[in-house]
Amino acid sequence: MSTFSIFMLLIIIVAFLLVLVIMVQNPKGGGLSSSFGGGGNQVVGGVKKTGDFLDKSTWTLATVLVVLILLSNITLVSNNGMSDDSKLLEDSQIETTVPETVPAETPATTSGEDSTGAE
């Protein structure tokens with residue numbers, strides 16, 4: 001299994017976890033903490049900390065995802081040695097060909113004659 005494949009597997013796992021953490025949160029600030037009865041000013045059993053944990057885990061997972069994507073890009077380029085564009089633009093592989101001469105164009109008939117000669 002290549003390094004790039006390992007990074008891709010980790011990216012998929014982190015992305016899935018990030019989706020789960022975001023889906024648990026409520027955009028109005030309730031989220032998982034309001035499910036446990038902490039929707040008002042009442043803080044029962046440290047439910048307010050759940051919102052903080054979800055917020056921190058969202059930022060942490062997002063940062064880890066970006067870092068993994070950048071690292072996978074680096075390993076992909078280093079595995080190939082050089083990218084496809086640089087292979088195409090390498091000077092030693094460019095062939096110089098001289099174009100053939102363009103055949104002279106035949107002048108168009110300007111008179112009202114038909115090409116068959118019949119009038």
Side-chain angles (χ1 to χ4, degrees):
M1 195 165 182
S2 69
T3 310
F4 180 73
S5 299
I6 293 170
F7 277 120
M8 287 304 294
L9 182 65
L10 290 173
I11 288 170
I12 291 170
I13 291 170
V14 169
F16 180 72
L17 289 174
L18 185 61
V19 167
L20 286 178
V21 169
I22 290 173
M23 293 299 286
V24 168
Q25 294 177 3
N26 187 358
K28 294 182 177 93
L32 188 60
S33 60
S34 67
S35 301
F36 293 117
N41 290 334
Q42 303 170 353
V43 178
V44 178
V47 175
K48 184 177 183 320
K49 304 252 184 204
T50 304
D52 294 338
F53 169 75
L54 291 174
D55 188 42
K56 288 180 183 178
S57 62
T58 301
W59 284 106
T60 303
L61 285 172
T63 304
V64 168
L65 184 64
V66 169
V67 169
L68 284 174
I69 290 170
L70 292 175
L71 288 174
S72 69
N73 190 21
I74 291 170
T75 60
L76 181 63
V77 172
S78 67
N79 284 343
N80 289 343
M82 61 174 73
S83 67
D84 293 336
D85 292 337
S86 62
K87 285 181 185 176
L88 292 174
L89 297 176
E90 189 175 309
D91 289 336
S92 65
Q93 294 181 355
I94 296 177
E95 296 179 15
T96 56
T97 57
V98 178
E100 295 180 14
T101 57
V102 179
E105 294 183 18
T106 57
T109 57
T110 56
S111 65
E113 295 181 5
D114 193 2
S115 63
T116 60
E119 291 185 25

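The basis for the numbers below is simple: all heavy atoms, side chains too, and nothing from hydrogens, waters or symmetry mates. Note that the numbering runs from 1 along the sequence shown for the chain.
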Which pair of heavy atoms, one from A62 and one from L18, lies closest together, and at what distance?
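Looking at all heavy atoms of both residues, the closest pair is N-CD1, 4.0 Å.
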
List the atom of F7, the atom of S72, and the distance in Å for their closest heavy-atom pair.
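Result for this residue pair: CB-CB, 3.6 Å.
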
Measure the [atom1]-[atom2] distance between [X] and [Y] for me, rounded to the nearest 0.5 Å.
| X | Y | atom1 | atom2 | answer |
| --- | --- | --- | --- | --- |
| F4 | L9 | CZ | CG | 12.0 Å |
| L68 | I13 | CG | CD1 | 10.0 Å |
| L20 | L61 | CG | CG | 10.0 Å |

Hydrophobic cluster membership, M8 vs V67, 4.5 Å side-chain cutoff:
yes

State plainly whether one hydrophobic cluster holds both F53 and V21, where clusters connect Ile, Leu, Val, Met, Phe, Trp and Tyr through side-chain heavy atoms under 4.5 angstrom apart.
yes

Can you list everything that forms a side-chain contact (heavy atoms from CB on, under 4.5 Å) with I12? Sequence neighbours excluded, please.
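If we apply the side-chain contact (heavy atoms from CB on, under 4.5 Å) test to I12, skipping adjacent residues, there are no hits.
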
For I69, what residues pass the side-chain contact (heavy atoms from CB on, under 4.5 Å) criterion, not counting sequence neighbours?
I11, L65

Of all residues at least two apart in sequence or in a different chain, which pass the side chain to side chain donor-acceptor pair (under 3.5 Å) check with T58?
Q25

Just jot down the side chain to side chain donor-acceptor pair (under 3.5 Å) partners of S5, sequence neighbours excluded, or say none.
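Checked S5 against side chain to side chain donor-acceptor pair (under 3.5 Å); matches are S2.
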
If hydrophobic residues (ILVMFWY) are linked whenever their side-chain heavy atoms come closer than 4.5 Å, directly or via other members, who joins V66 in its cluster?
L70

